[in-house]
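By convention in this document, chain letters (A, B, ...) are assigned in the order of the sequence lines, proteins followed by strands, and residues within each chain are numbered from 1.
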2 protein chains.
Amino acid sequence: MPVSDLTTSAQDYLKLIWSATEWSSEPITIGAMAERLGVTPSTVSDGIRKLAKQGLVEHAPYRSIELTPTGREHAVTMVRRHRLLETFLVETLNYRWDEVHDEAEVLEHAVSDTLIDKIDTLLGHPTRDPHGDPIPAADGTPHRPAAGPLAATEPGTNVTITRISDANPDMLRYFAELGLKPDTRLTVLGQRPYADLTNIRIEENGHEIDLGSAAAEAIWVVAA
Amino acid sequence: MPVSDLTTSAQDYLKLIWSATEWSSEPITIGAMAERLGVTPSTVSDGIRKLAKQGLVEHAPYRSIELTPTGREHAVTMVRRHRLLETFLVETLNYRWDEVHDEAEVLEHAVSDTLIDKIDTLLGHPTRDPHGDPIPAADGTPHRPAAGPLAATEPGTNVTITRISDANPDMLRYFAELGLKPDTRLTVLGQRPYADLTNIRIEENGHEIDLGSAAAEAIWVVAA
DNA sequence: CATAAATGTTAGACTAGCCAAACAAACATG
DNA sequence: CATGTTTGTTTGGCTAGTCTAACATTTATG
């Protein structure tokens with residue numbers, strides 16, 4: 001069964017479950033899903049039960065949610081669509097990287113596999129989207145760089161930004177103004193846990209700034 | 001209310017009603033709509049009643065269907081979306097002109113106004129789609145060339161193809177093989193109404209061929 | 001370790017789109 | 001111009017997604 005035979009909400013559920021374990025590894029809860037999708041927990045509970053009946057997730061009532069191999073395949077397909085679309089919107093249609101998330105969120109349910117292939121070809125098989133997130137290959141193999149959040153990086157370390165969460169467009173605009181984007185090099189000057197601040201220097205322009213914890217959690221880095 | 005607030009089926013209904021009067025001028029019937037949309041008449045009857053309640057169509061039971069000004073505005077927006085998307089798929093993503101109809105049919109419900117504007121800009125504000133159909137401007141003004149179907153053209157006339165109906169992809173592929181596309185010049189050699197055949201010469205390559213009535217109705221021409 | 005708080009599930013109701021079958025109006029023709 | 005055929009409408013039923021409110025289970029804590 002192709003992914004396009006799933007309802008759009010089933011596609012959203014699978015993608016969300018997969019995304020939750022892309023960077024952390026704690027499985028997502030019904031409540032957290034409801035929160036992210038903007039629906040009530042009862043809706044998600046019901047939806048998950050239907051996905052389980054279709055063999056796309058494993059779920060015993062009141063217990064955790066796991067993707068089956070088939071479910072994971074569909075989820076990765078949706079993530080691939082989303083990230084290729086984001087890249088396409090930026091590269092080909094002159095969108096800014098902070099504008100593409102919502103547009104891709106809708107388009108990913110409407111595009112055909114043919115269109116995705118054409119985009120992939122036109123862009124030369126890109127491996128990262130505009131926020132630095134890896135684009136899974138057509139065969140579904142993901143590649144997860146050994147990155148961690150800026151908030152958890154030791155002071156004194158030289159790092160390179162790998163990815164920036166695209167969840168909050170306002171935050172993305174702020175990062176863009178500061179010159180923070182994938183591949184930007186930073187030095188972590190200090191962590192002040194009680195103030196929830198991370199102090200960094202941006203090597204490209206020498207600016208020293210403080211980031212709150214929401215920001216320092218959204219930026220993922222690897223040692224330079 | 002923006003067009004994106006309508007359900008996708010409402011968008012389809014409005015577009016279809018508008019399209020029915022683009023080239024002919026007989027208003028469409030419930031039955032014809034059902035046929036084109038692949039649903040039963042009862043579904044359409046119900047849908048039209050809802051559109052009337054929203055002030056998008058005028059419809060007294062058992063009588064004809066007319067778009068209100070608001071309804072027409074939304075319909076033209078959808079036609080504009082469809083034709084710009086078709087053009088974009090051909091120009092930017094290397095689709096063939098016979099492949100784009102179905103893809104655009106789905107995408108037109110998912111794209112934002114912003115995306116349509118970006119496409120329009122990228123393509124340099126095109127005025128015709130790959131099949132020769134006029135693309136309504138953003139302000140909704142359509143432009144309808146003084147064209148008529150090839151089937152109704154006097155023998156001996158020199159004509160230029162203005163548009164080719166995109167309803168049937170197989171037919172489009174056949175036309176493409178013959179070299180029939182917008183701006184191709186033809187001479188109508190004869191009309192044989194009882195055999196339902198139109199005999200033409202393609203000026204570009206000198207070929208003389210017969211077209212059945214379905215084909216000769218799908219090709220619209222103007223005197224050269 | 002019993003109980004309260006947090007979390008998840010079920011039940012019943014609503015909307016939108018669709019269908020089949022029963023019904024109503026309009027139209028076409030003998 | 002009356003009647004039968006064609007066309008359109010209504011009714012009741014189905015699915016999918018959503019909600020609220022009632023209920024059940026798990027977890028955390030006093």
| said: Under 4.0 Å from OP1 or OP2 of C/dT10: is there any side-chain N or O of A/Y62 that close? | reply: no
| Under 3.5 Å, side chain of B/Q11 to main-chain N/O of B/M78, donor-acceptor pair present? | no
Would you be so kind as to tabulate the donor-acceptor pairs closer than 3.5 Å made by side chains of residues 68-76 of chain A, with sequence neighbours excluded?
{"from": "A/T68", "atom 1": "OG1", "to": "A/G55", "atom 2": "O", "distance (Å)": "2.8"}
{"from": "A/T68", "atom 1": "OG1", "to": "A/L56", "atom 2": "O", "distance (Å)": "3.2"}
{"from": "A/T68", "atom 1": "OG1", "to": "A/G71", "atom 2": "N", "distance (Å)": "3.1"}
{"from": "A/R72", "atom 1": "NH2", "to": "A/L67", "atom 2": "O", "distance (Å)": "3.3"}

| Set of residues satisfying ring pair (Phe, Tyr, Trp, His ring centres under 6.0 Å) with respect to B/H101, sequence neighbours excluded | B/H82
| field | Span of DNA chain D, from the first to the last nucleotide whose atoms fall under 4.0 Å of chain A heavy atoms | value | D/dA16 to D/dT26
| Residues two or more places apart in sequence or in another chain: which of them pass side-chain hydrogen bond (donor to acceptor under 3.5 Å, both in side chains) with A/D98? | A/R96, A/R173
| request: Applying salt bridge (Lys or Arg N to Asp or Glu O under 4.0 Å) between A/E22 and each of A/K15, A/R163, A/R83, report the one that passes. | output: A/R83
| message | Under 4.0 Å, heavy atom to any atom of DNA chain C: which of residues 36-46 of chain B qualify? | response | B/G38, B/V39, B/T40, B/S42, B/T43
| query | For C/dT7, does either OP1 or OP2 sit under 4.0 Å from a side-chain N or O belonging to A/R63? | reply | no
| note | Atom NZ of B/K50 and atom P of C/dT15 are separated, to the nearest Å, by 10 Å
| request: Please report, rounded to the nearest Å, how far the C1' atom of C/dT9 is from the CE atom of A/M33. | output: 15 Å
| Whole-Å distance separating the NZ atom of B/K53 from the P atom of C/dA16 | 8 Å
| Side chain of A/H131, backbone of A/W97: donor and acceptor closer than 3.5 Å? | yes
| request: Kindly say whether B/W18 contributes a backbone atom to a donor-acceptor pair with the side chain of B/T21 at under 3.5 angstrom? | output: yes
| remark: Ranking A/P61 and A/T7 by the position along DNA chain D of their nearest nucleotide, the one closer to 5' is A/T7
| field | Length of the line joining B/D12:CG and C/dA16:P, which is rounded to integer Å | value | 17 Å
| message | If I take atom CD1 in residue B/I30 and atom P in nucleotide C/dC18, what distance separates them, rounded to the nearest angstrom? | response | 13 Å
| B/T198: what forms a side-chain hydrogen bond (donor to acceptor under 3.5 Å, both in side chains) with it, not counting sequence neighbours? | B/Q191
| salt bridge (Lys or Arg N to Asp or Glu O under 4.0 Å) partner of A/D113, the single match among A/R81, A/R80, A/K118 | A/R81
